[in-house]
Engineer: 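Take a look at the following structure, please.
Quick note on labels: first sequence line is chain A, next is B, and so on, each numbered from 1. Fair warning: this is a prediction, and the values are worked out from it, not measured in the lab.
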Amino acid sequence: MSQITLTFPDGATRNVEAGTTAGMVAESISKSLAKKAISAQVNGAHHDLAWPIEHDATIAINTMQDEAPALELIRHDLAHVMARAVQEIWPDVKVTIGPVRDFGWFYDFDRAEPFTPQDLGEIEQRMKQIIAARDEVRTEVWSRADARAHYEAAGEPFKVELIDRIPGDEPIRMYWHGGWQDLCRGPHFQNTGQIPADAFKLTRVSAAYWLGDSKRPQLQRIYGIAFRNRDDLKAHQKFLEEAEARDHRRLGREMDLFHMQEEAPGQVFWHPNGWTIYTVLQDFMRRKQRADGYVEVNTPQVVDRKLWEASGHWDKYQDHMFIVEVDEEHAREKAVNALKPMNCPCHVQVYNAGLKSYRDLPLRMAEFGSCNRYEPSGALHGIMRVRGFTQDDAHIFCTEEQIEAECARFINFLASVYHDLGFERFDIAFATRPEKRVGSDESWDHVENALEAAIRSTGNPYRVEEGDGAFYGPKLDFYLTDAIGRVWQCGTFQVDPNLPERLGATYVGEDGEKHRPYMLHRACLGSFERFIGILIENSAGRLPFWLAPRQVVVASIVSDADDYVTEVVEKLRRAGVRAEADTRNEKINFKVREHSVGKVPVILAIGRQEVENRTVTLRRLGEKTTRVVSLDEAAGEIGAEATPPDLR
RNA sequence: GCUGCUGUAGCUCAGAGGUAGAGCACUCCCUUGGUAAGGGAGAGGUCGAGAGUUCAAUUCUCUCCAGCAGCACCA
């Protein structure tokens with residue numbers, strides 16, 4: 001037997017025989033450690049205590065105190081325990097895969113009947129019995145052929161397919177929890193009793209395609225959540241409740257921002273409050289774009305299919321376009337049109353009107369472009385994913401040499417916009433050339449290098465997504481993380497030499513010859529609809545003051561104050577504040593409660609004293625205290641706050 | 001689009017094979033009250049749409065529409 005050297009986190013080393021397991025190592029250190037050990041990090045990778053270590057390595061023994069590995073084992077073993085429970089109750093159910101995810105795990109099953117909520121309760125009870133049984137967990141590494149034969153005999157076709165998909169150099173690990181067996185990469189606990197029985201819950205059941213492919217069979221997926229203890233589980237359930245309270249669909253109703261209805265699925269009826277947010281945001285973007293050298297255009301909604309055929313979209317996206325056929329009786333000729341699903345082809349038409357010189361480039365053409373896409377019904381979600389929306393779109397026509405500078409310029413622009421809107425951090429994903437693509441490798445090299453150099457010059461971190469670019473060019477996607485940790489793709493920047501080619505865009509170069517410009521598709525917010533949804537959820541409805549649809553309510557305490565209330569409202573309005581009067585015959589408690597629920601950031605209360613002293617009593621949303629200030633002071637202070645950040 | 005669930009008053013939800021109820025909101029009256037719900041009265045619904053079963057359907061069945069959760073999709 002050869003010796004290997006293990007290095008511990010404190011730098012100490014120990015020589016052991018090759019093939020020693022992490023469990024044996026823990027045992028040799030102390031009895032108590034062996035008792036507490038659950039797994040190990042071997043060369044940084046998560047290792048089962050039962051796996052032999054064959055080479056020199058660094059090693060750290062994990063206990064339940066180590067959150068990440070502990071949670072992984074808990075969730076991973078629960079996936080197996082759940083699959084076992086299901087097969088014990090319904091032996092004919094086929095098992096597939098069950099990975100750890102988010103706050104728990106899921107497992108996909110093949111079963112003719114759907115699982116019901118009652119079934120989930122039954123499965124949960126059975127899982128608790130399995131945990132209580134403290135069944136030993138055993139691993140064996142099998143040959144591919146044996147494992148395959150085993151699952152074929154067991155009538156588990158999905159497992160057979162999984163084995164065929166495991167890369168050749170990976171060991172095939174077979175696990176037993178008591179008498180129940182599963183194929184799994186591991187690692188696992190040493191027995192099922194190590195799983196906390198009171199810190200997990202089965203949450204829901206739904207359908208999912210096998211291997212994520214809508215052409216493959218649809219399986220039933222059961223989701224569970226799990227933590228190290230009951231308190232963590234409770235804390236998570238509370239977190240979910242809070243998330244629900246900031247759902248933009250709920251706040252949209254409570255704050256009277258918008259509604260949607262059956263007659264226009266996936267489209268928004270903006271109410272005055274919501275439309276205020278929309279227009280304030282649009283005014284802001286318009287100023288920002290002007291300042292950054294964009295020109296603004298506007299293009300048609302209904303466009304003949306010929307243009308979409310020329311752009312190539314008809315071929316690929318016809319099923320997702322709203323088609324408008326004009327009746328012959330009312331038209332000069334029968335025409336098939338589509339509501340524009342995107343603005344790019346129309347912008348090329350504007351570009352193509354009149355000869356362009358190299359002196360005109362880069363030409364930054366912006367449009368608050370209203371688009372309609374016939375999104376699949378299951379994709380719709382509040383105002384976040386809709387069928388009618390408006391992009392803060394722009395296309396930059398430029399030469400290949402100008403791409404790098406334009407890209408850097410856009411990243412800085414986006415950073416400035418996001419900063420003003422209260423998002424300090426964003427992530428950049430750099431998607432590179434896919435397998436199937438057009439254009440020469442030299443051109444791809446050049447454009448990819450330009451983008452990467454541009455990101456570097458701005459100093460922002462980024463990650464590379466190999467092969468994720470469009471067939472015609474690489475792209476950047478910009479992601480925001482909201483207040484409850486959800487990630488949203490908003491901004492995008494795409495390099496496109498293809499559309500100018502298809503639609504015949506040219507410019508006259510210094511040499512007097514016609515050349516092909518590049519087209520850079522870019523959006524900062526993405527769409528107003530989605531971005532406002534994100535703003536609402538991120539702020540839980542308490543939008544930054546300058547964006548709040550209702551900024552100040554001036555509430556009377558006695559009716560004798562009504563005239564002064566009107567004066568205060570008018571003064572605030574002159575200062576650029578969205579102020580309204582509330583002189584209803586209601587108590588101040590009632591008014592404060594109602595406007596607080598309505599997320600109005602500032603309430604000014606006016607009683608006899610305020611009238612007499614020409615003051616206001618100011619209360620801010622979320623605060624219990626009030627302040628008495630002079631009317632002039634209040635107007636100055638609130639007026640300054642109401643100023644959009646780019647005008648300060 | 002797929003799987004499952006849901007659809008009753010503006011909102012949140014009860015209800016039952018014999019054409020409907022609560023709370024809040026709304027309207028009116030009383031109350032002028034100092035920082036998160038003052039009191040009283042009233043009005044309000046083709047029970048998502050269509051078809052079928054039945055003496056009788058909002059309730060049972062089917063189809064469609066929309067919403068919700070997840071999957072797939074997102075130029």
Side-chain angles (χ1 to χ4, degrees), chain A residues 106 108 111 113-117 119 203-223 244 247 249-250 253-254 256 259-266 308 311-321 340-345 371 373-382 384-387 389 391 393 470-472 475 477 489 492 494 496 498-499 521 526-527 530 555-562 583-598 603-610 617-628:
Chain A
F106 64 74
D108 289 347
R111 180 187 183 221
E113 301 83 44
F115 290 108
T116 65
D119 290 342
T203 51
R204 59 172 163 258
V205 55
S206 77
Y209 298 106
W210 170 236
L211 301 174
D213 183 345
S214 59
K215 290 178 197 70
R216 305 296 304 264
Q218 203 165 38
L219 307 169
Q220 291 191 63
R221 175 171 296 180
I222 301 178
Y223 289 85
E244 198 184 317
D247 186 304
R249 291 165 297 188
R250 177 167 162 176
R253 190 172 56 241
E254 288 174 359
D256 196 15
H259 85 270
M260 304 175 91
Q261 65 186 50
E262 245 184 83
E263 289 79 0
W308 308 114
S311 71
H313 292 105
W314 188 263
D315 241 17
K316 206 166 170 202
Y317 293 107
Q318 195 187 140
D319 291 345
H320 296 284
M321 283 158 86
K340 75 171 166 185
M342 54 178 357
N343 307 299
C344 345
C371 298
R373 295 179 186 174
Y374 191 77
E375 300 285 7
S377 56
L380 304 178
H381 179 85
M384 301 284 218
R385 185 81 186 272
V386 285
R387 286 181 176 159
F389 56 93
Q391 299 174 315
D393 202 6
F471 69 89
Y472 48 75
K475 64 170 181 174
D477 282 325
Q489 195 234 304
T492 186
Q494 287 186 39
D496 181 6
N498 181 57
L499 203 57
H521 308 259
S527 84
R530 172 177 291 192
S556 60
I557 295 169
V558 292
S559 51
D560 287 348
D562 289 0
T583 54
R584 290 174 303 168
N585 177 12
E586 296 289 353
K587 289 191 173 171
I588 190 66
N589 301 36
F590 180 89
K591 295 183 183 180
V592 166
R593 180 187 144 77
E594 190 177 276
H595 301 308
S596 298
V597 169
I603 298 171
L604 300 181
I606 309 289
R608 290 208 170 80
Q609 292 164 29
E610 288 80 6
T617 298
L618 188 154
R619 179 192 163 114
R620 285 183 185 273
L621 182 60
E623 290 177 13
K624 292 254 185 290
T625 56
T626 59
R627 257 162 68 215
V628 178

Engineer: Taking donor-acceptor contacts at under 3.5 Å, does the side chain of Arg216(A) reach the base of A72(B)?
Structural biologist: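 When only heavy-atom distances are counted, Arg216(A) does not reach the base of A72(B) through any donor-acceptor pair under 3.5 Å.
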Engineer: Would you say the base of U3(B) and the side-chain of Ser206(A) have a donor-acceptor pair closer than 3.5 Å?
Structural biologist: no
Engineer: Which whole-number value in Å describes the distance from Tyr209(A) OH to U3(B) C1'?
Structural biologist: 8 Å
Engineer: To the nearest Å, how far apart are Lys587(A) NZ and G34(B) P?
Structural biologist: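 These atoms are roughly 8 Å apart.
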Engineer: When both hydrogen-bonding distances must be under 3.5 Å and the geometry is Watson-Crick or G-U wobble, what is G33(B) paired with, if anything?
Structural biologist: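 When the pairing criteria are applied, nothing turns out to pair with G33(B), so the answer is none.
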Engineer: For G4(B), give the paired nucleotide (Watson-Crick: N1-N3 plus N6-O4 or O6-N4; G-U: N1-O2 and O6-N3; both under 3.5 Å), or none.
Structural biologist: C68(B)
Engineer: Under 3.5 Å, side chain of Arg619(A) to main-chain N/O of Glu623(A), donor-acceptor pair present?
Structural biologist: yes
Engineer: C1' atom, A9(B) versus G15(B): distance in rounded Å?
Structural biologist: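 Approximately 14 Å lies between the C1' atom of A9(B) and that of G15(B).
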Engineer: Side chain of Arg530(A) only, heavy atoms from C-beta on: which candidate in C74(B), A37(B), G34(B) is closest?
Structural biologist: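 Nearest to the side chain of Arg530(A) among the choices is C74(B).
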Engineer: Does G21(B) have a Watson-Crick or wobble mate here (both distances under 3.5 Å), and if so which one?
Structural biologist: C13(B)
Engineer: Starting at atom CG of Asn589(A), determine the distance to atom C1' of G33(B), rounded to an integer number of angstrom.
Structural biologist: 8 Å
Engineer: For C68(B), does either OP1 or OP2 sit under 4.0 Å from a side-chain N or O belonging to Arg249(A)?
Structural biologist: yes
Engineer: State which of C73(B), A37(B), U35(B) makes the closest approach to the side chain of Arg593(A).
Structural biologist: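 From the listed options, A37(B) comes nearest.
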Engineer: When you compare G23(B) with G39(B), how far apart are their P atoms, in angstrom units rounded to a whole number?
Structural biologist: 13 Å
Engineer: Determine whether a donor-acceptor pair (N or O, by modelled atom type, separation under 3.5 Å) exists between the side chain of Arg221(A) and the backbone of Asp108(A).
Structural biologist: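 No, because the side chain of Arg221(A) does not come within donor-acceptor range (under 3.5 Å) of the backbone of Asp108(A).
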Engineer: Is any side-chain N or O of His595(A) closer than 4.0 Å to OP1 or OP2 of U35(B)?
Structural biologist: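 No, because none of the side-chain N or O atoms of His595(A) sits under 4.0 Å from OP1 or OP2 of U35(B).
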Engineer: Taking CZ from Arg221(A) and C1' from C2(B), how many angstroms apart are they, rounded to a whole number?
Structural biologist: 13 Å
Engineer: Give a yes/no answer on whether the side chain of Ser377(A) brings an N or O atom under 4.0 Å of OP1 or OP2 in G1(B).
Structural biologist: yes
Engineer: My understanding is that a pair needs two contacts under 3.5 Å, Watson-Crick or G-U wobble. By that rule, which nucleotide pairs with G42(B)?
Structural biologist: C26(B)
Engineer: Asp108(A) has an atom CG; how far is it from atom C1' of U3(B), in whole Å?
Structural biologist: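 To the nearest whole Å, that distance equals 12 Å.
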Engineer: Round to a whole Å and report the spacing from NZ of Lys591(A) to P of G38(B).
Structural biologist: 12 Å
Engineer: Tell me whether the rings of His521(A) and Tyr472(A) are parallel (<30°), tilted (30 to 60°) or perpendicular (>60°).
Structural biologist: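 Rings of His521(A) and Tyr472(A): tilted, 30 to 60°.
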Engineer: Let's test this: given Watson-Crick or G-U wobble pairing with both distances under 3.5 Å, identify the partner of G50(B).
Structural biologist: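 For G50(B), the partner nucleotide comes out as C62(B), under the 3.5 Å rule.
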Engineer: Would you verify whether the NZ or CZ of Arg204(A) falls within 45 degrees of the ring axis of Tyr223(A) while also being under 6.0 Å from that six-membered ring's centre?
Structural biologist: yes
Engineer: Provide, to the nearest angstrom, the distance between the CD atom belonging to Glu586(A) and the C1' atom belonging to C29(B).
Structural biologist: 13 Å
Engineer: Would you say the base of G34(B) and the side-chain of Thr617(A) have a donor-acceptor pair closer than 3.5 Å?
Structural biologist: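 When only heavy-atom distances are counted, Thr617(A) does reach the base of G34(B) through a donor-acceptor pair under 3.5 Å.
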Engineer: Output the single nucleotide from C74(B), G70(B), G67(B) whose closest atom is nearest the side chain of Pro265(A).
Structural biologist: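 Among C74(B), G70(B), G67(B), the one nearest the side chain of Pro265(A) is G67(B).
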Engineer: Please tell me which of the listed nucleotides, U32(B), C73(B), G70(B), lies nearest to the side chain of Arg608(A)?
Structural biologist: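 For Arg608(A), the side-chain atoms sit closest to U32(B).
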Engineer: Determine whether a donor-acceptor pair (N or O, by modelled atom type, separation under 3.5 Å) exists between the side chain of Gln220(A) and the backbone of Arg111(A).
Structural biologist: yes
Engineer: What nucleotide, of A75(B), C65(B), G4(B), holds the atom closest to the side chain of Gln494(A)?
Structural biologist: A75(B)
Engineer: Less than 4.0 angstrom between a side-chain N/O of Arg253(A) and OP1 or OP2 of U12(B), yes or no?
Structural biologist: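 Yes.
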Engineer: When the distance from CZ of Arg387(A) to C1' of C65(B) is rounded to whole Å, what number comes out?
Structural biologist: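 Rounded to the whole Å, the gap is 12 Å.
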Engineer: Among the nucleotides A75(B), G70(B), G4(B), which one has an atom lying closest to any side-chain atom of Ala207(A)?
Structural biologist: G70(B)
Engineer: Which of the following nucleotides, U32(B), C2(B), C74(B), is nearest to the side chain of Gln218(A)?
Structural biologist: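 Closest nucleotide to the Gln218(A) side chain: C2(B).
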Engineer: Judged by atom type as modelled, is there a donor-acceptor pair below 3.5 Å linking the side chain of Arg385(A) to the main-chain atoms of Leu380(A)?
Structural biologist: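 Such a contact is absent between Arg385(A) side chain and Leu380(A) backbone.
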Engineer: Distance-only, no hydrogens or angles: does the Glu610(A) side chain make a donor-acceptor pair with backbone N or O of Gly607(A) under 3.5 Å?
Structural biologist: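 Pair found, side chain donor or acceptor close to backbone of Gly607(A).
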Engineer: Does Phe590(A) stack onto the base of A37(B), taking stacking as ring centres under 5.5 Å apart and planes under 30° apart?
Structural biologist: no
